Amino acid sequence: MFRDSDAVESGRGAGKGEPSGKVRVRFAPSPTGYLHIGGVRTALFNWLFARRHQGTFILRIEDTDQERFTDEAIQAILDGMKWVGLDWDEGPFRQTGRMDLYREHAMKLFEQGKAYWCVCTPDELETRRKEALAKGLTQKYDGRCRAKGITKPTGEAALRFKAPQEGETVIDDLVKGRVVFDNAVLDDLIILRSNGYPTYNFSVVVDDALMGITHVIRGDDHLTNTPRQVPMFQALGFTVPKFGHLPMILGSDKARLSKRHGATSVLAYRDMGYLPEAVVNYLVRLGWSHGDQELFTRQELIEKFDFKHVQSSSAVFNQEKMLWVNEQYIKQGEPGHVARLLIPFLEQAGLKQEVSAVSPDWLAKLVVMVRERTKTLVEMVTWVTPYFGQDVAMDEASAKKFLTPAMAPALAKVVARFEAEPAFHKEQWETIFKQVVEEQGMKMGQLAQPVRVALTGRTASPGLFEVMELLGRERTLIRLKKGIERAKASA
RNA sequence: GUCCCCAUCGUCUAGCCUGGCCUAGGACGCCGGCCUUUCAAGCCGGCAACACGGGUUCGAAUCCCGUUGGGGACACCA
């Protein structure tokens, strides 16, 4: 009976899975590419759980496969974590720096008769696996080297763990509840490859144990790995941690989220103009809920996060909703903060000089003026460009439509009245403007549009008087005059 | 094929553990209206779901069994 009482504690139903000791969790990505959305969510749940219980969050890079990892990928993971603000307390540890530890523990198992040398070659194994598949049999290792009792292999050999074959392994998962596996389905897994490197299922166990991990929170694609790992913890004499298997994130076709579904790297969302806190907010709601609440501050998340409300079924990633969340953060966020995040985008749009010429305060006001019209920082750039520089880029079609000779007199009147005012006062200028509209026997919109085009170069903009206020008296008058020139010249 | 997980509006979800308060609530999106100097935002309203079949019970979205469907795992990858 491979059943460890330590593993048996419910996170659902009975109690709330309140940890008794000090919580230690980890996020252990493999550096095969960028940090994707699913990875961020796993990291986030770990981080939240750690912060919620004043525990420790550890970052560990699973790089035991020399073939596939790259330093760039490690850097990308670090950058991604930093961008979303998931700071770790220990690490990043790299498994490649811990090889002695794995070998040492593997040999310990061998000496205790809990592991054995296997001289089957990868090719042979592959062939047998194919045969088994063709016959419709279980594709597990037949254990033929188990009884050979090889003490000192002469050639290439891998070390296999003697998995229990009787009884059952029970895990009481924080999100899935009680899951029972028949030990008969367990394979004698290779723990040390013939090249001396440990395999994943072994290195995780050694690391999780040695790092004192109390809760292993990971994607539910690892659920079936758990009954293979639990016996290893026990064979090594370690305490078995508690497990929590998070449901997967699916693409719109209900298949596991992948590159096929468009952007899956978190940093791609940064580049698309998403705020990191919006991404976090969206991701946490994908699989966790707190009543009807949609928006949470980071502090609220830490206070409210619990496994009791983690969904056990997978969720479809929906960019529309994430966009909405982003929009909310842009609209409700602290203007100065949004402005700071906007700067790199402005610089990239070629406004480096212009940006350095304005104050953070003015930039924040600009953000306030345009923010209810934008859903991303990228969109915000286009809304914000007309307000930099003396002149404005004029949209030809708009100018042609609204800056006509017939409009020139009314525009001139507006300018004359404005010029009579030595200082700009929003309400006052608005009153003046409306007076002109009335005197000219026009409708508000008739005069507002030409003015809008003269001021911003476009037919769509924030409220006219907000625009004037932001532009300031001088620039307002300059642009208005240029608009009149343009109107007169228009044939 | 074998094992494991999952199943409420198109999507994210509340409710399920501790059956009645559910003629199933919220959010995104979509449709319509209001507001309006443009574009937005905002506000109001609408469409839309308990996968199916059995049971248990006075009563089931909630408990049990089965079916179907979806996902995952079965490597000297992680």
Side-chain angles (χ1 to χ4, degrees), chain A residues 10 12-14 28-32 62-65 67-69 118 120-122 125-126 129 132-141 156-160 173 176-177 179-182 184-187 189-195 197-201 203-204 219-228 245 247-248 250 252 254-256 282 285-295 308-309 311-318 320-325 327 331 370-374 383 430 433-434 437 443-449 451-453 456 458-465:
Chain A
S10 181
R12 273 177 116 64
S30 61
T32 50
E62 311 256 311
D63 60 353
T64 49
D65 184 359
E67 311 278 302
R68 291 166 58 204
F69 78 80
C118 171
C120 298
T121 68
L125 293 168
E126 180 64 21
R129 202 174 300 122
L133 188 66
K135 288 179 190 162
L137 299 168
T138 347
Q139 329 174 33
K140 60 181 257 191
Y141 178 62
E156 296 249 299
L159 196 63
R160 279 188 192 270
D173 197 90
K176 304 283 186 187
V179 185
V180 181
F181 294 89
D182 188 337
V185 306
L186 263 30
D187 221 340
L189 254 36
I190 287 180
I191 54 178
L192 224 50
R193 294 181 256 217
S194 49
N195 66 6
Y197 281 81
T199 53
Y200 165 78
N201 276 299
S203 56
V204 244
D220 73 7
D221 47 340
H222 284 289
L223 187 56
T224 49
N225 276 330
T226 311
R228 306 151 156 236
H245 288 93
M248 304 265 88
L250 273 26
S252 47
K254 304 267 175 125
R256 192 174 171 166
Y282 174 71
R285 279 286 289 105
L286 212 53
W288 175 80
S289 60
H290 187 263
D292 288 339
Q293 193 171 349
E294 296 286 350
L295 270 15
K308 189 172 183 198
H309 293 95
Q311 196 80 356
S312 53
S313 55
S314 43
V316 173
F317 182 79
N318 182 227
E320 302 267 272
K321 178 124 185 206
M322 185 159 92
L323 192 57
W324 176 81
V325 174
E327 184 187 340
K331 269 201 276 270
V370 303
R371 66 177 175 182
E372 70 213 29
R373 288 152 240 268
T374 68
W383 273 93
E430 182 166 355
F433 186 86
K434 284 181 175 162
V437 167
K443 290 213 165 180
M444 183 69 180
Q446 281 179 285
L447 192 54
Q449 282 307 77
V451 169
R452 190 184 313 282
V453 173
T456 69
R458 307 171 181 184
T459 52
S461 83
L464 270 193
F465 308 100

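Within every chain, numbering begins at 1; the chains are lettered A, B, ... in the order of the sequence lines, protein sequences first and strands thereafter. Bear in mind the structure is a predicted one, so any value in this text is a computation, not a measurement.
As judged by a 4.0 angstrom heavy-atom cut-off over every strand, His222(A) is placed among the base-contacting residues. Arg371(A) comes within contact range of no nucleotide atom at all, as no heavy-atom separation falls under 4.0 Å. At the heavy-atom level, Gly219(A) lies nowhere under 4.0 Å from the strands shown. Across all strands, Lys140(A) comes closer than 4.0 Å to no nucleic acid atom at all (heavy-atom distances). Residue Asp187(A) is classed as having no contact, given no heavy-atom separation below 4.0 Å to the nucleic acid. Residue contacts shown for Cys118(A) are absent, as no nucleic acid heavy atom lies under 4.0 Å away. Residue contacts shown for Leu286(A) are limited to sugar-phosphate atoms, with no base heavy atom under 4.0 Å away. Thr199(A) comes within contact range of the sugar-phosphate backbone alone, with a heavy-atom separation under 4.0 Å but no base atom that close. At a threshold of 4.0 angstrom between heavy atoms, the contacts of Pro227(A) with the nucleic acid are absent.
Between Lys254(A) and G69(B) there is no side-chain polar atom (N or O) within less than 4.0 angstrom of OP1 or OP2. Between Arg129(A) and the phosphate of C76(B), there is a side-chain N or O to OP1/OP2 separation shorter than 4.0 Å. Note on Ser289(A): a side-chain N or O is less than 4.0 Å away from OP1 or OP2 of A14(B).
Taking OG from Ser312(A) and CG from Asp220(A), the interatomic distance works out to 9.5 Å, rounded to the nearest 0.5 Å.
With rounding to whole Å, Leu464(A) atom CG is found 16 Å from U36(B) atom P. Look at CZ on Phe317(A): it is 13 Å from P on U13(B), rounded to the nearest Å. When rounded to the nearest whole Å, the span between CH2 of Trp288(A) and P of A14(B) equals 11 Å.
Under the ring pair (Phe, Tyr, Trp, His ring centres under 6.0 Å) criterion, Tyr141(A) pairs with no residue, sequence neighbours left out. A search for side chain to side chain contact (heavy atoms under 4.5 Å, CB included) contacts involving Ser194(A) returns Glu156(A), not counting sequence neighbours. Scanning for side chain to side chain contact (heavy atoms under 4.5 Å, CB included) contacts around Thr224(A) gives Phe181(A), with sequence neighbours left out.
Counting atom types as modelled, Glu294(A) pairs a side-chain N or O with a base atom of G26(B) as donor and acceptor under 3.5 Å.
Closest to the side chain of Arg256(A), from the set U38(B), G71(B), A78(B), is G71(B). Among A78(B), U13(B), C76(B), the nucleotide with an atom closest to any side-chain atom of Thr64(A) is A78(B).
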Check the interface with nucleotides 3-9 of chain B: list each N/O to N/O pair with the protein under 3.5 Å, or write none.
from	atom 1	to	atom 2	distance (Å)
C5(B)	O2'	Lys176(A)	NZ	2.7

For nucleotides 22-24 of chain B, which of its nitrogen or oxygen atoms have a protein nitrogen or oxygen under 3.5 Å away, and what is each distance?
none

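Annotation: C6(B) and G66(B) have their P atoms spaced 14 Å apart (nearest Å).
Between the side chain of Arg452(A) and the main chain of Pro462(A), a donor-acceptor pair closer than 3.5 Å is present.
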**Request:** At under 4.0 Å between heavy atoms, which parts of nucleotides 28-33 of chain B does protein reach? Answer with one letter per nucleotide, 5' to 3': B base, S sugar-phosphate only, - none.
**Result:** SS----

